[in-house]
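These values consider heavy atoms only, across backbone and side chains, with no hydrogens, waters or symmetry-generated copies. All chains are named by letter (A, B, ...) in the order of the sequence lines, taking the proteins before the strands, and each is independently numbered beginning at 1. These numbers were taken from a predicted model, which means no experiment stands behind them.
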Amino acid sequence: MAPQYAPSLRSRLAPLLLFLQIGFIFIYAFYIEIESHVKEDGITFSNFYAEFQDVNVMVILGFGFLCTFLVRYGFSGLGFNLLVAVMATQWAIILNGIESWYYRGMIKINLRSLVVAEMCSASALISIGAVLGKTNPVHLVLIALLEVSGFVLNEWLLQTLLKVQPLKSIMLLHIFGAFFGLTLTWILYRKGSEQQFEKEKFDRKTGLFSMLGTMFIWMFWPSFNSVLVDNHTPGRKLGAVFSTYLALAVSAVTAAAVSVLCSPKGKLNPIHMQSSILAGGVAVGVSMSVVHQPWEAMTIGFTAALVSTIGFRYLKIHMLLAFKCHDTCAVLSTHGLAGLLGWLAHLLLQIKDCDDHTTAIRFAVFHICTLFITISLSLSMGIITGLLLKWNFWRPPQDKKCFDDQAFWEFPQLAVHK
Amino acid sequence: MAPQYAPSLRSRLAPLLLFLQIGFIFIYAFYIEIESHVKEDGITFSNFYAEFQDVNVMVILGFGFLCTFLVRYGFSGLGFNLLVAVMATQWAIILNGIESWYYRGMIKINLRSLVVAEMCSASALISIGAVLGKTNPVHLVLIALLEVSGFVLNEWLLQTLLKVQPLKSIMLLHIFGAFFGLTLTWILYRKGSEQQFEKEKFDRKTGLFSMLGTMFIWMFWPSFNSVLVDNHTPGRKLGAVFSTYLALAVSAVTAAAVSVLCSPKGKLNPIHMQSSILAGGVAVGVSMSVVHQPWEAMTIGFTAALVSTIGFRYLKIHMLLAFKCHDTCAVLSTHGLAGLLGWLAHLLLQIKDCDDHTTAIRFAVFHICTLFITISLSLSMGIITGLLLKWNFWRPPQDKKCFDDQAFWEFPQLAVHK
Amino acid sequence: MAPQYAPSLRSRLAPLLLFLQIGFIFIYAFYIEIESHVKEDGITFSNFYAEFQDVNVMVILGFGFLCTFLVRYGFSGLGFNLLVAVMATQWAIILNGIESWYYRGMIKINLRSLVVAEMCSASALISIGAVLGKTNPVHLVLIALLEVSGFVLNEWLLQTLLKVQPLKSIMLLHIFGAFFGLTLTWILYRKGSEQQFEKEKFDRKTGLFSMLGTMFIWMFWPSFNSVLVDNHTPGRKLGAVFSTYLALAVSAVTAAAVSVLCSPKGKLNPIHMQSSILAGGVAVGVSMSVVHQPWEAMTIGFTAALVSTIGFRYLKIHMLLAFKCHDTCAVLSTHGLAGLLGWLAHLLLQIKDCDDHTTAIRFAVFHICTLFITISLSLSMGIITGLLLKWNFWRPPQDKKCFDDQAFWEFPQLAVHK
């Protein structure tokens with residue numbers, strides 16, 4: 001008979017966290033220093049800090065509360081998100097500085113490094129959305145570290161092999177994260193979960209908490225997309241802000257319309273309103289550098305919300321039944337499909353701008369390679385991570401304890417009835 | 001017998017939203033472009049963006065969560081607020097640019113246009129507060145578009161006929177929105193609603209969500225009032241921030257004191273603490289340009305909270321019973337009365353500053369005309385909109401389905417108990 | 001027999017608030033004016049305002065929602081926090097300007113004054129954390145005014161007697177607030193409360209609200225610590241941001257690890273994750289001026305979380321049983337111990353930097369005096385305040401009405417069953 005209690009993580013989680021954290025402190029002590037002088041490119045501290053905070057709010061609070069929709073899994077969603085985000089950010093700062101360490105022996109960090117690291121960490125949080133509730137925090141920390149490593153490797157490959165601009169390669173975080181997460185959840189598939197998990201439910205109040213997270217992500221997405229756009233040509237940064245804002249606005253309207261259309265009773269689905277209103281931000285983020293007109297951004301937002309809402313309605317259940325791939329937060333439709341759409345929009349817009357055929361074809365090949373490398377690496381890293389996590393040493397929760405805070409949290413002073 | 005289910009909106013909401021959204025995309029494609037060069041008046045991108053985000057947070061998150069206080073209407077309050085806000089903002093950008101389109105054939109938009117558009121949209125959201133719960137999303141979208149049209153028309157009239165400064169005419173948004181909403185709810189009055197609606201209730205948790213919205217509005221109001229104040233004389237912007245902050249602080253204290261005084265048991269009323277603590281921000285916003293001393297702002301905040309709390313206590317029920325005007329979010333006392341008070345404070349302070357009688361009288365006439373035009377237009381637009389919405393074609397929810405998410409949202413995975 | 005209802009505050013709270021508020025308005029009318037010209041030290045309005053708002057969010061929303069964890073005390077936690085914060089801020093602006101008033105007859109205020117005043121108010125809010133739920137709003141307002149007076153006096157003594165830098169003396173707010181609050185709760189101890197109060201409980205939803213507050217404090221702490229660091233040497237501000245961010249990140253990981261280690265079942269304690277993840281920010285805030293390397297900040301964060309988590313686990317119950325000191329929000333472990341640790345870290349790091357023994361010893365003596373004065377003043381003010389509050393004139397709630405909103409709030413439209 002299976003044990004009644006979830007396995008204790010005392011001998012797994014605590015040593016792992018302490019070991020990693022002390023290790024990070026040592027690495028930081030020897031190799032990392034703060035770059036104190038002002039950057040020459042006009043980005044001074046004060047006009048960058050507010051945007052950094054917007055990104056920080058999205059990563060810590062936005063993603064965190066987004067994961068509180070499960071009725072019994074709110075503390076885990078929020079708490080593990082924080083834990084994973086700070087581990088991944090510390091690790092990403094180190095990884096992003098390896099090249100500089102190789103040449104100069106030291107890693108110099110500034111506010112920009114921190115923003116880039118938080119974006120790598122956002123990529124890991126997207127992956128985690130796919131396996132949320134079916135894993136324990138030990139798994140999540142390992143996933144985050146491996147995903148970030150894979151993502152930084154991908155960035156480096158793209159920049160070295162294909163001379164992709166840094167910003168473009170970072171914005172692939174949605175595609176990388178989504179496919180990594182999907183592979184992972186496919187490998188970690190639990191038999192019998194075609195039926196819904198017993199506790200995979202939400203109620204009105206947790207739904208509102210989750211909406212809170214969504215709102216913060218929705219509102220600050222213009223900062224997320226524009227923060228790394230350089231300030232040399234002021235119009236570009238404003239353009240990124242406007243494109244993202246308009247795409248998100250159109251996404252919200254379209255998601256509502258399509259959700260009502262798809263429903264036989266003509267009702268809105270709260271999950272559509274939570275995930276698909278964000279699709280425009282993903283798609284514009286990926287294609288940002290070639291979006292010059294407001295209507296282009298709006299059309300991308302429209303299509304992204306359409307694809308994402310329909311994907312959620314018909315694809316999610318298909319993925320589960322046909323491919324045995326249980327995707328808790330629907331990262332496929334929110335980040336995966338919208339990211340691919342953004343990639344496609346980038347291709348089409350760039351080709352439209354090209355004067356002759358040769359350049360267009362050359363760009364298309366280059367652009368397809370970029371996607372190919374990203375997805376291959378994402379799938380391979382997902383498989384490796386998944387196989388590592390299948391090891392019972394990490395003490396996965398039983399099926400009955402999935403989606404349940406009680407497995408990982410103690411509530412000594414809990415009020416009995418409401 | 002009345003049907004048991006709320007009427008389906010599939011054939012109304014979805015086509016309306018898609019039609020409007022695709023229409024907006026076409027208009028944007030042909031007539032709107034982003035103004036990329038830096039403004040000459042010293043407002044650069046980076047020191048404006050943080051304040052834009054504060055306003056954005058107020059409009060999307062603040063107003064949204066403010067409307068979640070109804071126990072069964074949280075998703076509608078929050079979701080429809082987002083929907084309406086983005087529709088109204090897109091529409092306001094177009095309307096505000098009509099003049100420029102007329103002369104130059106194109107509408108150039110920048111961050112300032114977006115802020116102005118969000119303020120017009122805030123005006124529509126205030127109106128919606130009065131009819132919340134008794135309408136369906138189709139109604140709300142129509143209300144928003146018509147209200148924004150009326151408000152922009154009012155702005156144009158005031159600026160053309162009376163040479164009112166743009167900022168002053170925008171700040172009348174509270175008065176315009178409140179009276180528009182009140183007229184609307186008076187026309188849409190449902191027989192038998194002298195008794196409370198069955199589901200017009202709140203509980204502790206939804207009250208806290210609503211407090212969250214209030215807090216964000218309270219905290220970021222200094223940004224809302226100061227964002228459009230020009231930066232030529234730095235003191236003015238700081239003055240607007242300080243006036244708003246102090247007025248809000250005094251409002252919070254006064255609302256608590258008056259609430260306790262009005263209650264026979266000496267207890268605080270949570271709704272007072274939610275609506276009346278904001279009254280100072282409204283009143284100072286309207287009178288801002290003549291408030292120069294901290295104590296003036298504080299006195300305005302004090303009076304506004306006093307009027308608003310007493311108005312809420314005694315006027316709301318009177319409005320319902322005597323005038324058959326059911327005002328869900330108490331926009332009369334929060335925005336209407338406080339706005340009028342701000343208008344009066346403006347008059348008095350300006351007259352005090354005048355050197356001679358002639359100027360004072362001239363200003364008074366001019367100031368009274370401003371209010372007269374605003375209220376007339378607001379009432380007329382409210383009547384037109386109300387009559388349009390009375391049409392059964394829009395499928396209003398039955399009385400029993402008012403204040404109920406179930407009428408518009410489907411909850412497939414809702415946890416049964418808990 | 002004890003009365004069934006909590007005593008009415010109508011004749012206490014309302015007159016007190018109105019008297020104080022009108023008094024403040026008079027003082028502001030005669031002695032306070034806004035400093036309009038731009039500061040010479042490069043801090044202009046726009047690049048300071050965003051950071052001010054971060055601090056404002058921490059004080060109003062962060063501390064407010066942090067106090068909503070009690071299942072029946074959410075409205076009080078949030079509402080009284082707002083009330084107290086605005087009273088304390090208005091009072092602190094006056095007190096901080098007394099010197100300027102003495103010499104020039106007027107108090108000139110700018111955005112910096114407001115930030116400093118909000119920090120003084122944060123100090124009062126920390127104290128209030130220790131007595132939360134066992135006091136009524138009249139008590140809380142008195143505590144806030146006396147605490148702020150004591151804190152400003154302490155600042156003035158340190159700056160006058162020991163020539164401590166203003167920023168350093170402000171950052172002692174955690175130590176001052178925590179010990180003031182502990183003394184207070186020790187004096188106000190209620191017999192029989194070794195057993196838990198009947199209503200001192202939390203549930204999942206209020207826990208999430210409370211996490212929301214924690215998250216905002218966690219995210220914006222870098223702004224809190226860096227906002228007053230001057231901009232002359234840009235690296236210093238960035239250094240303060242980085243130190244705080246890294247210390248908080250390490251704190252979050254360490255708190256989770258230690259919480260799991262301390263628990264026999266290997267589970268996380270949600271209260272640890274709420275309070276101890278903030279310990280790093282406290283400790284770094286106190287020692288900030290001598291922390292130059294990332295690893296120093298990280299080590300401080302690590303130790304602070306360790307001390308704070310262990311302190312919470314074993315000291316809180318000990319304080320209650322042995323010292324009869326009931327500390328609702330665990331301010332001892334979060335602010336007290338972490339603050340002392342920061343003080344110690346400051347001492348050690350400064351001594352390490354000293355070249356010769358004489359300077360080191362001189363600094364140590366000076367540093368110990370600073371702490372000694374702060375704690376003495378904090379304890380004395382706590383005793384005075386406690387004795388004043390013991391007076392039954394203020395109508396304290398009965399034991400049964402502790403931790404209950406019903407004692408202070410009326411809920412006319414409350415939904416009966418959820």
Taking heavy atoms only and a threshold strictly under 4.5 Å, list by residue number the residues of residues 210-218 of chain C that touch chain A; give 'none' if the list is empty. C:Met211, C:Leu212, C:Met215, C:Phe216, C:Trp218
For C:Pro294, run the side chain to side chain contact (heavy atoms under 4.5 Å, CB included) check against A:Ile107, A:Ile32, A:Ile93 and tell me which one passes. A:Ile32
Name all residues meeting the side chain to side chain donor-acceptor pair (under 3.5 Å) criterion together with C:Ser259; count only those two or more places apart in sequence or in a different chain, and write none if there are none. C:His272
Under 3.5 Å donor-acceptor, A:Tyr49 side chain and C:Ala50 backbone: no
Is any side-chain heavy atom of C:Met273 closer than 4.5 Å to one of A:Leu78? no
Pick from C:Ala252, C:Gly207, C:Gly266, C:Gly301 with the largest number of heavy-atom pairs that fall under 4.5 Å of chain A: C:Gly266
Pair count under 4.5 Å, heavy atoms only, with chain C: among A:Phe30, A:Phe26, A:Tyr28, highest is A:Tyr28
Are side-chain heavy atoms of C:Leu246 and A:Phe24 found at a separation under 4.5 Å? no
Regarding C:Lys205 and A:Asp203, does a basic nitrogen lie under 4.0 Å from an acidic carboxylate oxygen? yes
Below 4.5 Å, heavy-atom pairs only: which of A:Thr206, A:Leu13, A:Leu17 has the largest tally toward chain C? A:Leu17
Closest-packed option against chain A by number of heavy-atom pairs under 4.5 Å, given C:Phe209, C:Phe242, C:Phe220: C:Phe242
Counting heavy-atom pairs under 4.5 Å with chain C, which one of A:Ile22, A:Leu20, A:Val57 comes out on top? A:Val57
Polar side-chain atom of C:Lys267 near backbone of A:Phe411 as donor-acceptor pair, under 3.5 Å: no
Where C:Pro270 and A:Glu410 come nearest, the two heavy atoms and their spacing: CD-O, 2.9 Å
Taking all non-hydrogen atoms of both residues, which atom of C:Leu261 and which atom of A:Leu18 are closest, and how far apart? CD1-CD1, 4.0 Å
